[in-house]
There are 2 protein chains.
Amino acid sequence: MTSPGLASPAEQLGRLVKETQAVLHQRMDEALRPLGLSVAQYACLQTLSASPGATGSELARRVFVTRQAMNVMVQGLERQGMLERSDVPGPRRERETVLTPAGRTALDGAGAAVRRVVDTMTGDLADEDVAQLLALLGRCRDALAAGS
Amino acid sequence: MTSPGLASPAEQLGRLVKETQAVLHQRMDEALRPLGLSVAQYACLQTLSASPGATGSELARRVFVTRQAMNVMVQGLERQGMLERSDVPGPRRERETVLTPAGRTALDGAGAAVRRVVDTMTGDLADEDVAQLLALLGRCRDALAAGS
DNA sequence: CTTGTCATGTCAAGAGTTTGTCACTACCGT
DNA sequence: ACGGTAGTGACAAACTCTTGACATGACAAG
């Protein structure tokens, strides 16, 4: 330790990112559980809505889980009628996945619940503050992701 | 969906927080794995360094895991000689936990590796930008945590 | 004193995820 | 053409964490 008694701003930021994500995940879980959805399932449906026809591996990358975990999650959502996978695999053995109307309905309801959570998160901030927060944190994420 | 075609800034921020934390966790894991430490173990040692004598439940709350999970983690770190727990429980059956010199050494090495990661995260930002990011994100965390 | 509540530590069972592996198919360089 | 590489889906085993439950001891209210 160079021990300035306190951690460096960068270290504080690392811890703060983790804390914020943890509390956000917890609040989202509380909001989504009554709807019968886990946070991971919501992330899957949300990503699928933004990128219709995505493959399982593509979904896995965007949700930050392994493709194996995404596979079982997709199977579960398929059993619940939330999404459908093309029965005939594509060129690379991939199966295009799309939301069903039921999945769209569930996502809409979940999206409203999630919006209430993220709005409380940014409730104390002005619009310009949120914009700057997005810009700054985005640069941090990009800097970390740049190191391949 | 009110469907502006794009998600609201608050929703973008939620996703960005998750993405940043995920990439940061991944980079920290890559940096810590060669040292024989997991990210959770590092967080445990780091928290214990900041709060010597903390109990298992207290550590669990700060690291955002259940006290059961923290218990097995502490047992593992105790087996590795990283920390010690008072043999005689306190008033509420709690066992005070402290770092051993070996744990302090391991934490110092891990801290250096983590510092390299968080420095790349904030590398593109000016000091004042980091300070503002800390302030804004801190307000978001507090707003979420306020809802008990 | 007794009762209820709370907090801690621990054990057991369950769910979810990762790691490791295999099979299949397209792409690319030789 | 051919063999290597890479990407995808799927399966099994191992690991980690959570959920649930129990016993212990302290504290406040009755």
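Each chain gets a letter, A, B and so on, in the order its sequence line appears, and its residues count up from 1. What's counted below: heavy atoms across the whole structure, side chains too, no hydrogens, waters or symmetry copies.
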Would you check if the side chain of Glu11(B) reaches a backbone N or O of Arg115(A) as a donor-acceptor pair within less than 3.5 Å? no
Would a 4.5 Å heavy-atom cut-off, applied to side chains only, mark Gln12(A) and Arg15(A) as touching? no
Would you find a donor on one side and an acceptor on the other, under 3.5 Å apart, between the side chain of Glu58(B) and the backbone of Thr55(B)? no
side-chain contact (heavy atoms from CB on, under 4.5 Å) with Asn71(A): of Arg67(A), Gln75(A), Met73(A), only one passes, and it is Gln75(A)
Remember a base hit wins even if backbone is also touched, and classify Val72(B) as base, sugar-phosphate or nothing at under 4.0 Å, heavy atoms. nothing
Per-nucleotide protein contact string for nucleotides 4-10 of chain D (B base, S sugar-phosphate only, - none; heavy atom under 4.0 Å): ---SBBB
Given atom CE of Met73(A) and atom P of dT18(C), what is their separation to the nearest angstrom? 9 Å
Is it the case that Ser51(A) and Arg62(A) place a side-chain donor and acceptor less than 3.5 Å from each other? yes
Gap between atoms CE and P, on Met70(B) and dT16(D) respectively (whole Å): 14 Å
Just the rounded figure in Å: distance from C1' of dG16(C) to CZ of Arg33(A). 13 Å
Can you confirm whether Leu59(B) sits close enough to Cys44(B) that some side-chain heavy atom of one is under 4.5 Å from a side-chain heavy atom of the other? yes
